[in-house]
Amino acid sequence: MPISNLRHILTTTLVSLILMLGIGSASANVSMLHDFSFSQPKFIHNLPFASHKLVVQVSQDNPARWHLVLNTSQNLLNFFGQQKIQIVVVAFGPGLKMLVANSPVAKTIAAMNAEGVEFDACHNTMLAMAKKIGHLPKLVPSAVIVPAGIVRIMQLESHGFDYVKP
């Protein structure tokens, strides 16, 4: 086996082990890695009376887009009321930078989490970032780690969520 393949396997295994053991920056975040079931979505906010459901994709490293996502979500909360709409923002690829601890929108994310908006972070992207920076990225405390961002979006769409990518 070539050394580059072995290095890749060891790095991926080590990062996954660190995350599973709760060591490192991701340990403070809620994780769906071990209990993710495509057929039975779980959420961190219980919104049993939500008659509207929305999943929002964030896949760009673009703060202007992040503000658009947050403003749109806030407008929906204001229009429907926070008990009548369930919003899940899923960040993956370059868009995961929206959910890093020093993100320019970190305070807004915290406030919107308090209003019932869920912010999901793609584990696959976290592993890719860890390979580049040498450690798992530190996320905002309210970020929820999901196995794969695109799989989470597909899961929610298959369970009646409308999909938006601003």
Side-chain angles (χ1 to χ4, degrees), residues 15-16 19 25-26 28-47 50-133 136-166:
V15 170
S16 294
L19 191 58
S25 61
N29 296 97
V30 173
S31 173
M32 293 187 187
L33 292 179
H34 302 292
D35 61 351
F36 186 87
S37 170
F38 191 86
S39 63
Q40 296 179 334
K42 294 183 180 181
F43 306 95
I44 60 166
H45 300 294
N46 184 20
L47 297 167
S51 53
H52 305 282
K53 298 176 181 184
L54 180 69
V55 59
V56 183
Q57 175 179 324
V58 176
S59 56
Q60 295 179 325
D61 180 6
N62 182 339
R65 291 269 179 152
W66 304 344
H67 285 287
L68 179 61
V69 165
L70 297 171
N71 290 338
T72 300
S73 297
Q74 187 62 59
N75 289 341
L76 289 166
L77 287 171
N78 294 344
F79 183 82
F80 290 110
Q82 73 184 69
Q83 295 300 315
K84 297 290 183 183
I85 186 163
Q86 185 169 19
I87 302 171
V88 179
V89 176
V90 181
F92 65 93
L96 185 68
K97 291 180 181 177
M98 176 184 178
L99 299 181
V100 297
N102 63 351
S103 166
V105 294
K107 289 182 181 176
T108 306
I109 289 170
M112 294 191 75
N113 176 65
E115 290 187 75
V117 177
E118 181 173 315
F119 293 89
D120 292 352
C122 174
H123 179 247
N124 287 339
T125 302
M126 291 176 67
L127 291 175
M129 288 176 77
K131 288 178 190 175
K132 290 180 181 177
I133 63 176
L136 289 170
K138 183 174 181 182
L139 303 177
V140 295
S142 54
V144 178
I145 301 169
V146 297
I150 197 69
V151 172
R152 178 66 163 166
I153 290 171
M154 291 173 62
Q155 175 196 47
L156 296 179
E157 278 190 291
S158 72
H159 285 86
F161 278 67
D162 294 321
Y163 164 81
V164 172
K165 180 188 176 195

Specify the closest pair of heavy atoms between [X] and [Y], including all atoms of both residues, with the distance to one decimal.
X	Y	result
Met32	Lys42	CE-O, 3.2 Å
Gly116	Leu47	O-CD1, 3.9 Å
Glu118	Ile44	OE1-N, 3.0 Å
Gln155	Ser37	NE2-O, 2.8 Å

[atom1]/[X] to [atom2]/[Y] distance, rounded to the nearest 0.5 angstrom?
X	Y	atom1	atom2	answer
Ile109	Lys107	CD1	NZ	13.0 Å
Asn75	Thr72	CG	OG1	6.0 Å
His123	Met126	NE2	CE	6.5 Å
Ser158	Ile153	OG	CD1	12.0 Å
Leu127	Leu136	CG	CG	6.5 Å

If we check side chain to side chain contact (heavy atoms under 4.5 Å, CB included) with Phe119, which of these qualifies: Leu70, Val58, Val140, Leu139?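 By the side chain to side chain contact (heavy atoms under 4.5 Å, CB included) criterion, Phe119 pairs with just one of Leu70, Val58, Val140, Leu139: Leu70.
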
Member of Val117, Val56, Leu54 meeting the side chain to side chain contact (heavy atoms under 4.5 Å, CB included) criterion with Leu76: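 The residue from Val117, Val56, Leu54 that satisfies side chain to side chain contact (heavy atoms under 4.5 Å, CB included) with Leu76 turns out to be Leu54.
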
Apply side chain to side chain donor-acceptor pair (under 3.5 Å) to residues His52 and Asp162 and explain how you reach the verdict. CA-CA 8 Å; His52 305 282; Asp162 294 321; over 6 Å; no

Please check: side-chain N/O of Arg152 versus main-chain N/O of Cys122, any donor-acceptor pairing under 3.5 Å?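 Judged by distance alone, no pair lies under 3.5 Å.
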
Tell me whether Asn29 contacts the main-chain N or O of Ala143 through its side chain, where contact means a donor paired with an acceptor under 3.5 Å.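 It does hold such a pair.
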
Is there any ring-ring contact (aromatic ring centres under 6.0 Å, His included) pair reaching into residues 141-161, and which pairs are they, with sequence neighbours excluded?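 Sorted result for residues 141-161: Phe43-Phe161.
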
Evaluation steps, side chain to side chain contact (heavy atoms under 4.5 Å, CB included), between Trp66 and Thr108: CA-CA 10 Å; Trp66 304 344; Thr108 306; over 6 Å; no

Contacts table for residues 79-101: side-chain donor-acceptor under 3.5 angstrom, sequence neighbours left out:
from	atom 1	to	atom 2	distance (Å)
Gln82	NE2	Glu115	O	3.4
Lys97	NZ	Asp61	OD2	3.2

